[in-house]
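Heads up, the thing below is written out as structure tokens.
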Amino acid sequence: MNRRLAAPVGITGTGQCFPPRVVTNDDLSKIMETNDEWIRTRTGIRERRWVEPGTGASQLGAPALQMALDNRGIKASELDLILVTTVTPDTLFPATACRIQDMVGATNAFGFDLNAACSGFLYALTTAASLVAAGGVKRVGVVGVDIMSTIINLEDRATSVLFGDGAGAVIVERVEEGLGILDFHHRVDGSGGCFLYMPAGGSLKPATAETVAAKEHYIHQAGSEVFKNAVREMADNSRMLMDRNGFTGEDLKLFVPHQANIRIMDAAAKRLELDPSRMMVNIDRFANTTTATIPTALHQAFGEKRMAKGDLVALAAFGAGFTWGATLLRWAY
């Protein structure tokens, strides 16, 4: 049974923000044992954006949301809710959503942060759309932002070359009948948490001089486990949504997967029997920006005229937790 919303709700505006500092593979080869060919052939990444020290997630998230508001043609005061999804908040509290609300002047909104790692944007999109469809709120700003350069260990080339910093945002509200979110499916499997995680910094293992010295505040990843699970779940969930709504790969205008690794993305597209030209790729320029990958990819795809009003679009993500999911929608503007 498909999970249709109580009313047609979709994305009506997009925005993004990246820091100006470009870090190429050649730049990384000067500070670690790696080279451009090694990174490109294994990940598809040529360069990424990293913030300057002292930059918080709100400082990318607020401009991204403001761009989405401007593109929609509305004021921040017209938002009822701000959802921010991130694993690198400015602070554990207050929520980064509170900071962004203040920065953009969303004087009539409430807000909170949501953490589902790389799947966070899809989870937040469903949460926002469900609240709008139920009539509890009218307009929501959803922001996906991560400053991954603050939690990577430059001594671990297997993970440090993968990530970039960035923010993407969308406006979610009621749309015309037949447009917007058609279906979604999300899952969590906590038994996979040991394959992609940060060992310290939470209540289970608070920060101490010892945890810092042991580099336990950086990303730890078992790449092969993440790879095989990500390929299977992103492809299978997207396929399942299309099947239960009566669509085939030929009906799909664009597939927008989480930009984790070009090999994962290509394998997922292959399992969907999808022509590579119909998959949105920006990992080569921005690397894995975690929860920001899908909203920034949507913003860029629309700007490049890769999709238009009424086109069928599939979104898929997989992240730490393990968390995963897919969303099927008809582009609404």
Side chains of [X] and [Y] only: does a donor on one sit below 3.5 Å from an acceptor on the other?
X      : Y      : answer
Asn229 : Arg232 : yes
Asp26  : Ser29  : no
Thr107 : Ser77  : no
Asp146 : Thr86  : yes
Ser119 : His186 : no

Hydrophobic cluster identity match, [X] and [Y], side-chain contacts under 4.5 Å:
X      : Y      : value
Ile294 : Tyr333 : yes
Leu182 : Leu274 : yes
Ile31  : Ile45  : yes
Trp324 : Met240 : yes
Trp50  : Ile219 : yes

Where is the tightest heavy-atom contact between [X] and [Y], given as atom of each residue plus distance?
X      : Y      : answer
Ala128 : Val142 : CB-CG2, 3.7 Å
Gln300 : Arg285 : OE1-NH2, 3.2 Å
Ala97  : Asp113 : N-OD1, 2.9 Å
Gln259 : Met280 : NE2-O, 3.1 Å
Ala292 : Gly166 : CB-O, 3.4 Å
Leu298 : Val256 : CD2-CG2, 4.1 Å

What is the distance from atom [atom1] of [X] to atom [atom2] of [Y], rounded to the nearest 0.5 Å?
X      : Y      : atom1 : atom2 : value
Leu254 : Glu304 : CG    : CD    : 9.5 Å
Phe121 : Thr289 : CZ    : OG1   : 11.5 Å
Ser149 : Arg21  : OG    : CZ    : 7.5 Å
Thr96  : Leu114 : OG1   : CG    : 12.0 Å
Thr293 : Ile283 : OG1   : CD1   : 8.5 Å
Phe255 : Arg278 : CZ    : CZ    : 12.0 Å

Do the side chain of [X] and the main chain of [Y] share a donor and acceptor less than 3.5 angstrom apart?
X      : Y      : value
Asn245 : Leu241 : yes
Asn153 : Glu155 : yes
Thr43  : Ile39  : yes
Glu233 : Ala230 : no
Asp311 : Ala308 : yes
Arg174 : Gly135 : no
Asn237 : Arg239 : no

message = Between Met234 and Ile264, does the side chain to side chain contact (heavy atoms under 4.5 Å, CB included) criterion hold? Intermediate values first, please.
response = CA-CA 9 Å; Met234 286 205 300; Ile264 293 175; 3.6 Å; yes
Starting from [X] and following side-chain heavy-atom contacts under 4.5 Å between hydrophobic residues (I, L, V, M, F, W, Y), which residues can be reached?
X      : answer
Leu179 : Val175
Tyr218 : none
Leu92  : Phe93
Leu69  : Val51, Leu60, Leu65, Ile74, Leu79, Ile82, Val84, Ile100, Val104, Val143, Val145, Ile147, Ile171

Arg48: which of Asn25, Asp165, Thr24, Asn288 passes side chain to side chain donor-acceptor pair (under 3.5 Å):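 It is Asn25; the other options fail the test.
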Quick check: do [X] and [Y] have side-chain heavy atoms less than 4.5 Å from each other?
X      : Y      : answer
Asp156 : Lys215 : no
Val87  : Thr291 : no
Glu173 : Lys138 : no
Leu312 : Phe247 : yes
Glu216 : Lys205 : yes
Glu176 : Pro8   : no
His299 : Met67  : yes
Met198 : Ile151 : yes

Any carboxylate oxygen within less than 4.0 angstrom of a Lys/Arg side-chain nitrogen, looking at Lys228 and Glu225?
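Yes, Lys228 and Glu225 are salt-bridged.
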Quick one: do Arg99 and Asp90 make a salt bridge, cutoff under 4.0 Å?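 Yes, Arg99 and Asp90 are salt-bridged.
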Next on the checklist: Could you go through Met242 and Leu252, starting from their C-alpha distance and side-chain angles, then the distance that decides it, and tell me whether this counts as side chain to side chain contact (heavy atoms under 4.5 Å, CB included)?
Outcome noted: CA-CA 9 Å; Met242 290 193 292; Leu252 197 62; 4.0 Å; yes
| Derivation and outcome, side chain to side chain contact (heavy atoms under 4.5 Å, CB included), residues Arg139 and Val172 | CA-CA 6 Å; Arg139 289 193 180 98; Val172 177; over 6 Å; no
**Prompt:** According to the salt bridge (Lys or Arg N to Asp or Glu O under 4.0 Å) rule, which pairs have a member within residues 32-44, sequence neighbours left out?
**Reply:**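 Found Asp36-Arg40.
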In sequence, state the C-alpha distance, the side-chain angles, and the governing distance for Val132 and Val140, and then conclude on side chain to side chain contact (heavy atoms under 4.5 Å, CB included). CA-CA 8 Å; Val132 172; Val140 184; 3.7 Å; yes
- Which word best sums up how the rings of Phe322 and Phe195 line up, parallel for under 30°, tilted for 30 to 60°, or perpendicular for over 60°?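 Correct class here is parallel.
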Evaluate the ring planes of Phe18 and Phe286, with Trp represented by its six-membered ring, and classify them as parallel (under 30°), tilted (30 to 60°) or perpendicular (over 60°).
->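 Phe18 and Phe286: parallel rings.
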Listing request: all ring-ring contact (aromatic ring centres under 6.0 Å, His included) pairs with a residue in residues 127-172, at least two apart in sequence or in separate chains.
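Passing the test, one end in residues 127-172: no pairs.
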